[in-house]
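Only this structure's heavy atoms are used, side chains among them; waters, hydrogens and symmetry mates stay out.
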Amino acid sequence: MRLATIFLVPFLCFLLNISAFAQLNQESSGSDKIRINQVGFYPTGQKIAIVVTSEATNFSILTADEKNEVFSAKLSDVKEWPHSKETVKQADFSSVEISGEYVLQVPGIGTSHSFYIDKNVHFEPAKASMKAFYFQRASTALPEEYAGKWAREAGHPDNLVKVHNSAASENRPAGSTISSPGGWYDAGDYGKYIVNSGITMGTLFSLYEDFPEYLDTLNLNIPESENNIPDFLDETLYNLRWMMTMQGKDGGVYHKLTSANFHGAVAPKDATLQRWVIQKSTAATLDFAAVTAQATRIFEDYKDELPGLSDSLLVMSEKAYRWAKENPDVIYQQEKLKDPEINTGAYGDRNFKDEFQWAATELFITTGKKEYYQEAGLENPLAQDFGIPAWPNVNTLALYSLARHRENYKDSELVNINAIIEQLTQMADNLVASSKSSAYSIPIGINESDFVWGSNSTAANQGILLLNVYEITGDRKYLDTANSNLDYLLGRNATGFSFLTGFGEKSTRDPHHRPSEADDNEDPVPGLLAGGSNPGQQDKNECAEKYTAAHRHPATSYIDNRCSYASNEIAINWNAPFVYLANAIEAIQRSK
């Protein structure tokens, strides 16, 4: 390899050059055969790109104007990636450490999309992915002062929500109304769902518990920015307060708040179908219990600003947990609901062991009551099944929380903290091994089943696992492997797309997202993570003309079109792990 001995002008204006990130991509200019993180890399971090070739042997790193070569080296040996059936080589330029804007060039193939090397290279996309939750707010207008050109009028006041007959109780009969304003629209549609808010809030609160100093300084430019609470917590609080309205007097929690059917692509103010709260369920109630227990710990530090909140949250959490113990198998079965029938997202789950483990664990950490831990059943975590978190599978969140508070349990006879750490480490080691053997040098793809509906959240959640183990061990391999999945999400993938709206020359531009579809902007709301490659193609009837032979493999089954709810919708539970992954890596880099 050769590192040129030239001196570049220090890239001091990088953080001021917001247009490098905030402007949405124009015409794509990079070679489609070079797959690279289109945002960039840290000076001392691993830097890898993928070149689709069997012939080329060398590559170079050039300044963005292509006038100066700063590095050259040989490509790796050729490999085939089974998930895309591509023959590829890796370009490793990790030794390039000078801040600046660059392109990667391969003779006979072309030049990549431009990228940056900078010590805070992922700060803007990391921040935008959290600001994206502001754009999902229900029941409030988004003024231009905070929303820019994506300003919109308020929709869904949700102050006259009808009680569906499946949710009826003595004090709230069918057809009566409740007030349940606020919260975030769950996805590309206008529903608000407790189960999906559960893992979303758990992920965001975990990020805050892990990196509070970094997040306390994050300015999101939201209406609450001038108060004495960090913007990050203010935004989560907007959804938390809605969740609190979804609990009945008996402790049970309504599964969701939606219209009976999905709206078309209209703005929130024009989506005026009757809204309903629908059936209490065990899954929703346990997710609620877990989130409110975790929130109790966090908002306890803000008793002056938010008097009574943390105390109320704990009361609600324990009340919800008791209801779930008394009603341990209340399954949400949407197909049985009538008068009216409900046809919005079901989030149906039939196995509640993982929700019980998560809720009981969070209550144990918050209260110290041993019975909660005993009921969590985590005495021997190595003998149990844990996986990458998703809305139907949340028990690994319990392990993260215990590991986060491991100093409290190092001498505990109740909590086998070493076994918990060993379980997480084994899972992370499998991802590291997968990355090392992968043609794309990424952990996603350890199994073909990684490519599912919302596969990009799988990549981000794998990164969260790796970062948790990095924080425990300090071993750089876990940080590098987590960063490689961030590279995947921002362009180093078989589609060549940066899946985060607004970031990268070839980024998602036409997501399945009603506010973006209904407004007059050519550009979508920035900071939204598209669902990603999904060979299930459940939307093939709607997108029949868009799917081609290029989309037939698991890792290439993605189309940037609003018709594709199976690959190009957005969802809060997909954005949240990206928020964790990108912001945690930024926080770690700043702490060095």
Side-chain angles (χ1 to χ4, degrees), residues 14-15 18 21 37 39-47 97 99 116-134 200-222 225 229-236 294 297-298 301-302 389 397 400-401 403-407 424 428 431 443 457 459-490 500 503 527 529 575-592:
F14 175 78
L15 290 179
I18 301 302
F21 292 108
N37 181 333
V39 174
F41 305 88
Y42 297 103
T44 59
Q46 189 180 74
K47 305 173 189 70
E97 297 185 348
S99 294
Y116 292 95
I117 295 176
D118 188 83
K119 63 180 181 179
N120 302 128
V121 73
H122 292 117
F123 177 69
E124 290 298 332
K127 183 172 72 170
S129 65
M130 186 62 201
K131 176 67 178 280
F133 286 92
Y134 170 74
T200 299
M201 298 289 280
T203 301
L204 295 175
F205 283 150
S206 293
L207 174 64
Y208 187 81
E209 286 198 285
D210 284 335
F211 302 100
E213 295 84 2
Y214 167 83
L215 293 172
D216 282 349
T217 65
L218 194 65
N219 186 339
L220 297 176
N221 185 32
I222 57 177
S225 289
I229 300 168
D231 283 4
F232 183 90
L233 291 183
D234 272 324
E235 192 55 58
T236 61
Q294 195 173 13
R297 302 194 294 269
I298 291 170
D301 292 336
Y302 295 92
L397 299 179
Y400 292 164
S401 285
R404 180 175 303 121
H405 296 277
R406 58 190 175 277
E407 287 300 310
L424 292 174
L431 294 175
S457 71
N461 274 304
Q462 288 174 340
I464 293 175
L465 168 64
L466 289 156
L467 291 175
N468 270 265
V469 177
Y470 171 75
E471 287 292 292
I472 294 167
T473 66
D475 192 327
R476 177 79 194 209
K477 69 183 181 185
Y478 300 113
L479 176 60
D480 285 342
T481 308
N483 210 138
S484 68
N485 262 7
L486 184 58
D487 289 345
Y488 169 89
L489 294 170
L490 294 174
L500 192 73
F503 293 89
L529 185 69
N575 250 67
F578 185 95
V579 170
Y580 188 114
L581 178 62
N583 282 282
I585 290 175
E586 272 290 305
I588 290 167
Q589 293 294 333
R590 293 183 184 207
S591 68
K592 291 183 177 180

Atom [atom1] in [X], atom [atom2] in [Y]: separation rounded to 0.5 Å?
X      : Y      : atom1 : atom2 : value
Thr44  : Ile117 : OG1   : CD1   : 10.5 Å
Leu215 : Glu586 : CG    : CD    : 11.5 Å
Leu486 : Asn37  : CG    : CG    : 6.0 Å

Distance-only side-chain donor-acceptor flag, [X] / [Y], under 3.5 Å:
X      : Y      : answer
Ser401 : Glu209 : no
Asp231 : Ser225 : yes
Asp210 : Tyr580 : yes

Ring pair (Phe, Tyr, Trp, His ring centres under 6.0 Å) partners for Tyr478, two or more places apart: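 Expected list: none.
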Partner residues of Tyr214 under the side chain to side chain donor-acceptor pair (under 3.5 Å) criterion, sequence neighbours left out: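 Side chain to side chain donor-acceptor pair (under 3.5 Å) list for Tyr214, sorted by chain: Asn583.
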With Glu471 via side chain to side chain donor-acceptor pair (under 3.5 Å) - residues at least two apart: none
In the structure I gave you, are the side-chain heavy atoms of [X] and [Y] within less than 4.5 Å of one another anywhere?
X      : Y      : result
Leu490 : Phe578 : yes
Leu204 : Met130 : yes
Phe133 : Thr236 : no
Lys477 : Val469 : no
Phe123 : Arg590 : yes
Val579 : Phe232 : yes
Leu465 : Leu424 : yes
Ile222 : Glu235 : yes

Closest contact, heavy atoms only, [X] versus [Y]:
X      : Y      : answer
Leu220 : Lys127 : CD2-CG, 3.7 Å
Ala459 : Asn485 : O-ND2, 2.9 Å
Gly463 : Ala482 : O-CB, 3.7 Å
Val39  : Pro125 : CG1-CG, 4.1 Å

Taking [X] for its side chain and [Y] for its backbone only, find out whether a donor-acceptor pair lies under 3.5 Å.
X      : Y      : answer
Lys47  : Tyr42  : yes
Asn575 : Ser129 : yes
Lys131 : Asn221 : yes

Result of checking Thr481, Ile588, Ile472 against Leu467 for side-chain contact (heavy atoms from CB on, under 4.5 Å):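 It is Ile588; the other options fail the test.
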